[in-house]
Amino acid sequence: MRPSTLLPFVLCALASPSFAAIYTKPWQLPRITYDYIIIGAGNAGNVLAHALSANSNTQVLVLEAGVSDENVLPAIAPFLGPTLTPNTPYDWNYTVAAQEGLDNRVFPYPRGRILGGCTTANYMVHHYGSSEDYDKLAAITGDNSLKWSNMKQYIQLHEKIVPPTDGHDTTGQYDPSLHSTSGQVSVSLPGNSQTIDAKVIATTEEFSEEFPFNQDITDGNVLGISWVQASIGNGVRSSSSTSYLRSANSRPNLHVLINATVQKVLQTGFKNGKPLFGGVLFQSSRHQFFPGFVLATKEVILSAGSINTPQILLLSGIGPRAELSALRIPTIINNPSVGKNLSDHVLLPTIFNVNGQESLDNILRGGAPLDAALNQWTTSKTGVIANTVTNNLGFLRIPNNATIFSTVGDPATGPTASHFELIFCNFWLNPGVAMPATGSFLTIIAALISPSSRGFVKLASDDPWDKPIIDPKMVTTAFDKFALREAVRSAKRFVTASAWDDYVIGPYGTTAGETDAELDTHVRQFSTTVFHPVGTASMSAPNSGWGVVDPNFKVKGAEGLRVVDASVWPHLPNAHTQGPTYLIAQRAAAVIKAGL
């Protein structure tokens, strides 16, 4: 959903509380030596900044490549969030390599380049995943503290559940006992009713066996159709910047420097027979002659995300020796796992023509309906602009007796984890494809949640300003193709419930395909990313020859260097990844503060 009619609002300003202790130029920093240097003020980095700076004797610096989120309207008004990416000042503006599984298409790969990172630029869907995601992580690493039974405690520190913007009765839409009201990030149920909400819920009653209603997936049981919980409070986005960072920004021992692109981390010596990394080189622009330099006396923590974290590691001489040597980068730590194991959720629109004016397409086309919606939000922080793009979603499994499992294994994290997700949007949502000038549409996004395809991130050169090569190798396995076909068929079965009889006219375009070959064509032509990459600095057992970090987030073979962000997940969680990354960051903060 990136209609050109909304793009002008990207640069609009809106009065908001000012930030403190945020510097825009390197020479403004009052010191060059800190206890901790955190690279990336995003999903995880701001959690660490908040936690580590709580000790007034600990000096913390956060280096953020992007710009401030202050007064950026689409970073504040929830429904405008999709206009933040791609091809804007708030995005890294990456593209994927030609995707062999998708007709060799090249398309944008959004990553937030702004305070808050992707929590400022995402669609705000907020949950934590399946209990089996965490239990599998614990099994892989040999660390039981990563099991769901332990990790769910961090919800209390992280989450602040708040009433929906419209103040409606939420009875039966979630389980209050699973949530916190005292954490940092505001989370709420939908604050503006879409006309399809009742139809979605009615379908769970009519087709309860295939599409059961799940009141609240926060308990770790994700299967079924649920009400969306989103990182929104009082009609505005709640990001890691507006929560964790803002609440800590008055601390004199926390400094944040924006417009600071890290070139590499520097070895400053040896400790315990391993290379010690304590220095960080950064630039404000490609043309800055002398890079900035800062020094960490305790640790450098990479929280730059699943693309930039491996890029920085590789530029620093940590990665596959052959790749580094080809670019004349001296290898300090030979680790073939750096940048590998890239995995991402696949987004596939399943679009239907619908009757009447109940869809939101009239707002997306601009003009008087959009002006009215913006005016309502500006004056009262209510209405469609106060909401994210969906009110309901569902995580679902392919039946265990499906033919695909006779030839390939099940890539899901466990027997109660999902294979795909359905996301219900009452408008045209097809990234990269312009909305038709007329007509009304319903989009059910079919998202591949447990892909078996794996890709990589590599350096294109030894220049930190050159964009890395990003190849998630989407839909290159038999399972992924099968699962996406079944997800489309599932979406089409969903709208055969009687609740949709007076609304859905029929499938639009290639969604109408029925045969495997027709659906495969639809998959290849329209699949793209949900921008949930993980795995490029995977966590594994300390003695494993595979993986980049150990269960304490320490880079293997190094001292003074950790990675804390979504890249440490060796497999995709059954969730939109901001929630699981927040929990991982809370765990890392506890580990670091405990001296582990």
Side-chain angles (χ1 to χ4, degrees), residues 1 78-79 123-127 164-166 168-175 188-218 221-230 232 347-361 363 384 386-397 418-430 440-447 449 486-508 511 530 574-576:
M1 187 196 75
F79 197 74
Y123 293 11
M124 292 151 286
V125 174
H126 186 279
H127 44 230
T165 304
D166 63 2
H168 76 266
D169 183 1
T170 58
T171 301
Q173 295 184 352
Y174 83 118
D175 182 350
S188 61
L189 287 153
N192 184 72
S193 176
Q194 294 191 21
T195 55
I196 62 170
D197 297 351
K199 301 178 191 298
V200 172
I201 300 305
T203 303
T204 68
E205 297 168 357
E206 183 175 349
F207 293 165
S208 60
E209 184 173 348
E210 184 175 4
F211 304 109
F213 177 69
N214 186 334
Q215 184 183 33
D216 197 330
I217 61 177
T218 306
N221 172 26
V222 299
L223 296 179
I225 309 294
S226 304
W227 289 94
V228 164
Q229 296 168 19
I232 298 171
L347 182 156
L348 178 61
T350 306
I351 301 177
F352 302 87
N353 291 296
V354 296
N355 283 313
Q357 300 299 312
E358 295 181 0
S359 80
L360 301 179
D361 296 297
I363 292 176
V384 64
N387 209 38
T388 187
V389 298
T390 179
N391 285 356
N392 301 98
L393 54 74
F395 290 92
L396 302 165
R397 278 186 69 84
S418 70
H419 294 121
F420 63 89
E421 176 189 13
L422 300 182
I423 306 170
F424 303 91
C425 306
N426 197 23
F427 51 88
W428 174 276
L429 201 166
N430 193 351
S440 297
F441 304 95
L442 164 72
T443 304
I444 302 179
I445 295 295
I449 295 300
E486 292 308 301
V488 172
R489 287 171 171 144
S490 177
K492 292 165 76 172
R493 286 194 297 273
F494 195 91
V495 297
T496 63
S498 57
W500 304 93
D501 287 349
D502 61 351
Y503 192 57
V504 172
I505 299 171
Y508 174 90
T511 298
V530 191
N574 285 242
H576 296 226

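Just so you know, these numbers use all the heavy atoms, side chains as well, and skip hydrogens, waters and symmetry mates.
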For this session: Could you walk me through whether Phe352 and Trp500 pass side-chain contact (heavy atoms from CB on, under 4.5 Å), step by step?
Result: CA-CA 11 Å; Phe352 302 87; Trp500 304 93; over 6 Å; no

Exercise. Between Asn387 and Thr165, is a side-chain contact (heavy atoms from CB on, under 4.5 Å) present by the stated rule, with each step listed?
Worked result: CA-CA 8 Å; Asn387 209 38; Thr165 304; over 6 Å; no

For this session: Show the numbers, then the answer: is there a side-chain contact (heavy atoms from CB on, under 4.5 Å) between Thr204 and Ile201?
Result: CA-CA 5 Å; Thr204 68; Ile201 300 305; 4.2 Å; yes

Exercise. Should Trp227 and Asp197 be marked as a side-chain contact (heavy atoms from CB on, under 4.5 Å) after you check the CA-CA gap, both sets of side-chain angles, and the distance that decides it?
Worked result: CA-CA 9 Å; Trp227 289 94; Asp197 297 351; 3.8 Å; yes

Exercise. side-chain hydrogen bond (donor to acceptor under 3.5 Å, both in side chains) between Asn426 and Thr195: does it pass, once the steps are laid out?
Worked result: CA-CA 8 Å; Asn426 197 23; Thr195 55; 3.0 Å; yes

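Looking at Leu422, Ile217, Asn221, Ile225 one by one, the single match for side-chain contact (heavy atoms from CB on, under 4.5 Å) with Phe395 turns out to be Ile217.
A side-chain N or O of Gln173 and one of His168 form a donor-acceptor pair less than 3.5 Å apart. A donor and an acceptor atom, one from each side chain of Asp216 and Gln229, are located under 3.5 Å apart.
Atom-to-atom distance recorded for Ile445:CD1 and Leu347:CG is 4.0 Å, nearest 0.5 angstrom. Note that the CH2 atom of Trp428 and the CG atom of Leu442 stand 12.0 Å from one another [nearest 0.5 Å]. For the atom pair Arg397 CZ and Ser490 OG, the distance stands at 13.5 Å (nearest 0.5 Å).
Without hydrogens or angle criteria, Asn214 side chain to Leu223 main chain gives a donor-acceptor distance under 3.5 Å. Panel note: side chain Thr350, backbone Val488; no donor-acceptor pair is recorded below 3.5 Å. Using a distance-only test at 3.5 Å, with no hydrogens or angles considered, no donor-acceptor pair links the side chain of Asn192 to the main chain of Asp166. Proximity of a side-chain donor or acceptor of Thr203 to a complementary backbone N or O of Lys199 within less than 3.5 Å is detected. Under a 3.5 Å cut-off, the side chain of Thr390 and the backbone N or O of Phe424 do form a donor-acceptor pair. Put simply, the side chain of Thr443 gets close to the backbone of Leu429: a donor and an acceptor are under 3.5 Å apart. Here the side chain of Asn574 pairs a donor or acceptor atom with the backbone of Ser418 at under 3.5 angstrom. Of the possible polar contacts, none joining the Asp175 side chain to the Gln215 backbone as a donor-acceptor pair under 3.5 Å is found. Side-chain atoms of His127 come within 3.5 Å of backbone N or O of His576 as a donor-acceptor pair. Remark: side-chain polar atoms of Ser440 are not paired, donor with acceptor, to backbone N or O of Asn355 under 3.5 angstrom.
Between Thr511 and Lys492, the shortest heavy-atom distance links the atoms O-NZ, 2.9 Å. Among all heavy-atom pairs drawn from Val200 and Phe494, the shortest one is O-CZ, 3.8 Å. Looking at every heavy atom in both residues, Glu206 comes nearest to Ala499 through OE1-N, 4.3 Å. Closest approach of Ala446 to Ala487, counting heavy atoms only: CB-CB, 3.7 Å.
Other residues, nucleotides and ligands place no more than 12 heavy atoms under 6.0 Å from the CD atom of Gln357.
Counting heavy atoms from C-beta on, the side chains of Tyr174 and Thr218 never come closer than 4.5 Å. In this structure the side chain of Phe79 reaches within 4.5 angstrom of the side chain of Leu360, judged on heavy atoms.
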